[in-house]
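Everything on this sheet refers to the single structure shown next.
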Amino acid sequence: MKKYLSLSNRENFLDPIMTELPSSFIDRTRRLLGDDYPRFEQALATESPVSIRLNPAKCWPGRPLGEAVPWSQEGYYLPERPAFTFDPCFHAGAYYVQEAASMFLHRVIDQYIHTPVRYLDLCAAPGGKSTDAIASLPAGSLVVSNEVVPNRTYILAENLTKWGSPFSVVTRNEAADFARLESYFDVVATDVPCSGEGMFRKDPDAIAEWSPAGVDRCAERQRQILTNVWPALKPGGVLIYSTCTYNLEENEEMVLYLMKELGATPLTVDTDPAWGIAPALVPGVTAYRFMPHLTRGEGLFMAVLRKPGEPDDSHSRLLDEPAGKRNKKGKKTTPATPVPDEWCQRMARPDDFDFVSRGDSFLAIPREYRADYQLLDRHLTLLQAGVTLATVKGRDYIPHPSLALSTALDPEKTPRFEADLATALAYLRRESIVLPPDQPRGYLIVAYRGFPLGWVKNLGNRANNLYPQEWRIRSGYTPDLLPDLPV
């Protein structure tokens with residue numbers, strides 16, 4: 001029997017929020033939805049659905065958890081919100097807690113992307129759509145996840161590290177910076193900053209911050225973002241545009257801008273009428289609206305468009321740039337120093353990777369994207385790429401969390417300690433843990449239910465906890481009822 005812990009009492013929370021909806025929002029949305037508005041408002045007074053998406057690279061595909069999200073291959077609804085913070089499987093990247101409507105990205109990718117691609121998630125934090133893209137794209141696709149806000153970028157990097165794909169790059173750049181990579185990406189996803197009307201049910205701050213002027217500011221910013229990133233998309237490439245808001249200015253009117261000003265052609269996505277996904281509200285626009293009174297999820301708008309022109313190999317011109325060529329900021333690639341063989345051989349298939357040094361770290365980069373890594377490093381601000389194997393500290397090499405959590409790690413080449421729940425939670429709080437006397441000395445992986453969590457250094461009489469300080473569980477509280485998610 002599954003045991004769940006509800007973290008909040010929504011019944012006491014929702015009624016005051018409904019009375020605080022701005023009158024201008026009510027008037028605008030009533031005009032937008034007409035006779036459907038009362039149902040929409042009633043839906044906002046209900047509890048938000050809880051859904052997760054399994055990581056198919058770490059869990060057995062198709063293992064059921066409950067009711068499936070119909071447009072997602074690995075998405076499931078949960079009956080209540082468990083205490084995810086206290087589930088080690090969550091910290092191991094076995095699943096991602098994601099709003100169900102956002103999982104529609106899988107449907108888009110499954111229909112239109114059939115060969116490995118270079119994929120940009122432009123506004124990627126906290127990482128839900130990036131992890132979905134990694135799981136949904138054809139094997140061997142490169143996913144560049146970008147976020148311009150520094151503190152959100154580090155959350156993005158953490159979530160992608162835990163997801164474990166070596167075909168991942170995290171950058172921190174403005175949209176305009178990607179214009180340097182002309183016609184480089186096959187797919188660009190733009191989940192643009194918006195007025196957040198679709199988050200009203202989950203986030204009362206979104207209500208407090210909303211205003212008609214804010215909608216106009218968001219729309220202007222969105223046009224600028226789309227114009228700036230458009231050159232980076234290949235001719236014939238696919239743009240995925242999405243918001244979590246309801247108004248026309250940030251949705252249908254933005255699609256019309258892409259069509260009229262940039263020549264984009266809208267694409268249709270196959271759906272089932274039973275899912276309740278609403279069409280666009282403006283004639284001539286093809287788009288998909290997830291409304292809380294029609295679908296089981298939060299508000300989402302998504303449109304898929306193709307850039308005019310025939311696909312070509314124009315990205316190869318960028319990849320042929322000399323490795324030492326300076327970028328516009330004057331940054332120059334430095335020659336790589338040899339990576340110790342002991343770290344290379346911890347990978348399951350080391351011949352599939354090039355091993356490079358970057359600062360005091362050793363990286364494993366998928367071999368087919370070595371030139372891409374060099375290109376991105378010249379022109380963008382890279383936070384992480386591929387698999388970080390270890391960092392140098394004096395004469396010692398400290399294994400990196402990225403290696404422990406990577407799906408490219410060979411589990412037979414590194415000793416591991418299988419922890420029980422109490423020990424795993426102590427480890428995730430970065431507390432001292434005691435290993436059994438039969439465990440080997442040196443660096444070990446701490447795992448829970450087979451999922452690696454990170455590293456310890458076993459000294460015999462004690463074990464140094466190497467879990468990242470910034471990732472630790474800060475609460476000492478352990479609920480009586482913990483998640484029992486069968487992943």
Side-chain angles (χ1 to χ4, degrees), residues 49-63 65 68-78 84 89-90 92-114 116-147 152 155-170 185-192 198-199 238-244 269-271 275 277 288 290 295-304 405 407 485 487:
V50 181
S51 50
I52 67 171
R53 182 173 37 76
L54 297 185
N55 184 344
K58 294 190 175 185
C59 302
W60 289 106
R63 177 177 291 185
L65 288 171
V69 176
W71 46 82
S72 172
Q73 187 172 20
E74 298 291 347
Y76 296 92
Y77 293 105
L78 304 183
F84 292 116
C89 296
F90 168 70
Y95 62 91
Y96 192 95
V97 183
Q98 186 179 27
E99 196 280 308
S102 294
M103 299 181 195
F104 190 63
L105 178 68
H106 167 78
R107 190 75 177 177
V108 175
I109 290 173
D110 190 57
Q111 182 168 339
Y112 284 104
I113 313 301
H114 306 297
V117 294
R118 293 169 174 84
Y119 180 104
L120 172 63
D121 188 351
L122 183 65
C123 312
K129 290 186 176 67
S130 283
T131 57
D132 199 357
I134 290 168
S136 302
L137 288 165
S141 295
L142 178 68
V143 175
V144 177
S145 302
N146 179 74
E147 175 61 46
R152 287 173 56 82
I155 296 171
L156 172 65
E158 175 186 344
N159 286 331
L160 287 172
T161 296
K162 291 177 176 178
W163 199 250
S165 171
F167 290 87
S168 171
V169 174
V170 178
F185 292 101
D186 303 281
V187 184
V188 172
T190 55
D191 188 37
V192 291
M199 302 302 292
V238 172
L239 177 81
I240 303 170
Y241 176 82
S242 61
T243 72
C244 58
V269 181
D270 296 335
T271 60
W275 299 346
I277 302 172
Y288 302 87
F290 290 73
T295 55
R296 192 174 172 187
E298 301 301 336
L300 178 82
F301 175 93
M302 186 173 287
V304 186
L405 293 158
T407 57
L485 303 173
V487 293

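Hydrogens, waters and symmetry mates play no part in the numbers below; they use all other heavy atoms, side chains included.
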CH2 (W275) and CZ (R296) are apart, to the nearest 0.5 Å, by 15.0 Å
V170 versus L156: any side-chain heavy-atom pair under 4.5 Å? yes
### Query
Can E147 and R152 be counted as an ion pair, charged N to O under 4.0 angstrom?
yes
Note: Y96 and G128 closest approach over all heavy atoms is OH-N, 3.2 Å
Review point. Do S165 and L160 come close enough that some side-chain heavy atom pair is under 4.5 Å?
Key: no
Quick check: do L137 and H106 have side-chain heavy atoms less than 4.5 Å from each other?
no
Output for pair (I109 CD1, I240 CD1), nearest 0.5 Å, gives 5.5 Å
Salt bridge present between K129 and D121 (N-O < 4.0 angstrom): no
Original post:
Would a line drawn from the ring center of F185 to the ring center of Y119 be shorter than 6.0 Å?
Top reply: no
For R53 and S72 the tightest heavy-atom approach is CD-OG, 4.1 Å
Check your understanding: Would you say the side-chain atoms of N146 pair up with the backbone N or O of C123, donor to acceptor, closer than 3.5 Å?
Key -> no
query = Taking the side chain from D186 and the backbone from R118, do they hold a donor-acceptor pair closer than 3.5 Å?
reply = yes
Residues at least two apart in sequence or cross-chain that pass ring-ring contact (aromatic ring centres under 6.0 Å, His included) with Y241, listed by chain then number, are none
Rounding to 0.5 Å, atoms CG (L122) and OG (S145) come to a distance of 10.5 Å
| message | Checking V169 against L142 for the side-chain contact (heavy atoms from CB on, under 4.5 Å) test, could you report, in this order, the C-alpha distance in whole Å, the side-chain angles of both residues, the deciding distance, and whether it holds? | response | CA-CA 8 Å; V169 174; L142 178 68; 4.1 Å; yes
Rounded to the nearest 0.5 angstrom, the CZ-CZ distance for F84 and F90 is 7.5 Å
Q: Run the numbers on V304 and L239 for side-chain contact (heavy atoms from CB on, under 4.5 Å), then give the verdict.
A: CA-CA 6 Å; V304 186; L239 177 81; over 6 Å; no
Under 3.5 Å: donor-acceptor pair, side chain of E99, backbone of E298: yes
Main-chain N/O of P138 paired with S141 side-chain donor or acceptor, under 3.5 Å: yes
- Is the closest side-chain heavy-atom distance between S242 and T190 below 4.5 Å? no
Closest non-hydrogen contact found for G297 with P49 is N-CG, 3.8 Å
Does a donor on one side chain and an acceptor on the other come within less than 3.5 Å for S136 and R107?
no
- How far apart are the C-alpha atoms of T295 and I277, what are their side-chain angles, what is the distance that settles it, and do they pass the side-chain contact (heavy atoms from CB on, under 4.5 Å) test? CA-CA 6 Å; T295 55; I277 302 172; 4.1 Å; yes
Here the gap from I52 atom CD1 to Y95 atom OH, rounded to the nearest 0.5 Å, amounts to 6.0 Å
Open item on the list: With side-chain contact (heavy atoms from CB on, under 4.5 Å) as the criterion, how do L54 and Y76 come out once you've worked through the C-alpha distance, each side chain's angles and the decisive distance to 0.1 Å?
Closed with: CA-CA 8 Å; L54 297 185; Y76 296 92; 4.1 Å; yes
Measure centre to centre between the rings of F301 and Y288, then say whether the value is under 6.0 Å. no
Check your understanding: Would you call W163 and N55 a side-chain contact if the rule is heavy atoms closer than 4.5 Å?
Key -> yes
dist K162:NZ -> T131:OG1 (nearest 0.5 Å) comes out at 12.5 Å
Is the closest side-chain heavy-atom distance between T271 and F104 below 4.5 Å? yes
S51 (side chain) donor-acceptor with A100 (main chain) under 3.5 angstrom
yes
